[in-house]
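If you're wondering where the values come from, they're calculated on a predicted model, not measured in any experiment.
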Amino acid sequence: MVSFKHLVCAAVAMLAMSIVARAEDGFPFGTEMTLEALPQAGSKRIPNIEIGDHGEVVLELWCKGGKGQFSVAGNTVIFVPGQIEDRSCPPARAQADDELVAALSSVETWKRQGDVLTLIGPKPLRFRTTGN
C-alpha cells in the first residue's frame, strides 16, 4: 500500500517538473535568437534579435538595425519597433528589412517549443536560440 507521504512526495515532484517545463517554454526574455531564413543574395547575414530581460529588443536585420520592445501577456505578444537605422542598404535588402519589421509589428501570439520561438501573425516568424 502507498503511504500518504509517498503520494505527497510524488505530487511535489510532478509539480516541480511541470514548473521547470513551463519555464523552458516561457517567452525567451534575456535571449539572442536568429530568424529561420536564408541569407539574402550576396550576403551571409541572417536577421537576429536580442531580447532583454524586460522585453527590450536589439534588431540586426539583413542590412538595417534598430531597437524595439516586446510586451507579453500570456500567449499574446505585441512588438513596437523603435528607431531603425538606414545603413545605405541595397534596395532588395532594405525592402526585406522593412517587410520583416512590418511582420514583427503584426504578430499577435507566440509559442515556444524548446529553442524555437514562433511569432504568430499574418506571416509567422520562427526564431531559434543562438547557440555558442
Side-chain angles (χ1 to χ4, degrees):
M1 179 147 194
V2 177
S3 72
F4 179 72
K5 181 178 177 182
H6 285 107
L7 286 174
V8 170
C9 289
V12 169
M14 288 176 62
L15 178 62
M17 287 188 301
S18 71
I19 289 171
V20 169
R22 266 191 236 130
E24 290 175 357
D25 289 336
F27 196 82
F29 293 109
T31 305
E32 185 175 336
M33 306 191 92
T34 301
L35 180 67
E36 286 189 350
L38 297 173
Q40 294 286 311
S43 174
K44 293 182 181 181
R45 192 166 169 174
I46 298 175
N48 69 58
I49 57 175
E50 186 177 327
I51 307 168
D53 293 335
H54 303 289
E56 64 280 6
V57 177
V58 176
L59 299 164
E60 284 299 329
L61 306 169
W62 279 285
C63 181
K64 297 179 181 183
K67 296 186 178 198
Q69 178 73 41
F70 277 119
S71 295
V72 179
N75 73 333
T76 301
V77 64
I78 297 171
F79 177 77
V80 178
Q83 184 67 32
I84 304 296
E85 297 175 40
D86 185 359
R87 299 177 176 160
S88 300
C89 303
R93 288 191 201 144
Q95 182 178 351
D97 288 346
D98 293 343
E99 289 172 1
L100 180 53
V101 171
L104 281 166
S105 299
S106 66
V107 300
E108 300 166 351
T109 59
W110 65 277
K111 68 178 179 178
R112 183 172 176 195
Q113 294 175 321
D115 65 348
V116 175
L117 170 69
T118 304
L119 298 172
I120 303 161
K123 179 181 179 183
L125 302 168
R126 286 176 47 102
F127 288 86
R128 186 171 296 277
T129 303
T130 303
N132 291 334

Answer whether the closest heavy-atom distance between the side chains of I120 and V107 falls below 4.5 Å. no
Roughly how far, to the nearest 0.5 Å, is NZ of K123 from CG of L125? 6.5 Å
Decide if the gap between the ring center of F70 and the ring center of F27 is smaller than 6.0 angstrom. yes
Close side-chain approach of L35 and L100, heavy atoms under 4.5 Å: yes
Which atoms form the tightest heavy-atom contact between L117 and P28, and what is the distance? CD2-CG, 3.8 Å
What's the spacing between T118 OG1 and K111 NZ if we round to 0.5 Å? 5.5 Å
Heavy atoms of H54 and Q69 approach each other most closely as O-NE2, 2.8 Å
So, do E108 and T76 sit near enough that their side-chain heavy atoms are less than 4.5 Å apart? no
For residues 81-89, please give each side-chain donor-acceptor pair under 3.5 Å, one per line with the distance, not counting sequence neighbours.
unit_1 : atom_1 : unit_2 : atom_2 : d
D86    : OD1    : S88    : N      : 3.4
R87    : NH1    : E60    : OE1    : 2.9
R87    : NH1    : C63    : O      : 3.3
R87    : NH2    : E60    : OE2    : 3.3

R93 side, atom CZ; L61 side, atom CG - distance, nearest 0.5 Å: 12.5 Å
Would you kindly confirm whether W62 and V57 end up in one hydrophobic cluster when ILVMFWY residues are joined by side chain heavy atoms under 4.5 Å apart? yes
A side-chain contact here means heavy atoms from C-beta on lying under 4.5 Å apart; do L59 and F79 qualify? yes
Do T34 and T130 pair up side chain to side chain, a donor and an acceptor below 3.5 Å, judged on atom types alone? yes
Indicate if V77 and F29 have the same hydrophobic cluster label, given that clusters are the connected sets of ILVMFWY residues with side-chain heavy-atom separations under 4.5 angstrom. yes
Approximate separation, where rounding is to 0.5 Å, of F127 CZ and D115 CG: 13.5 Å
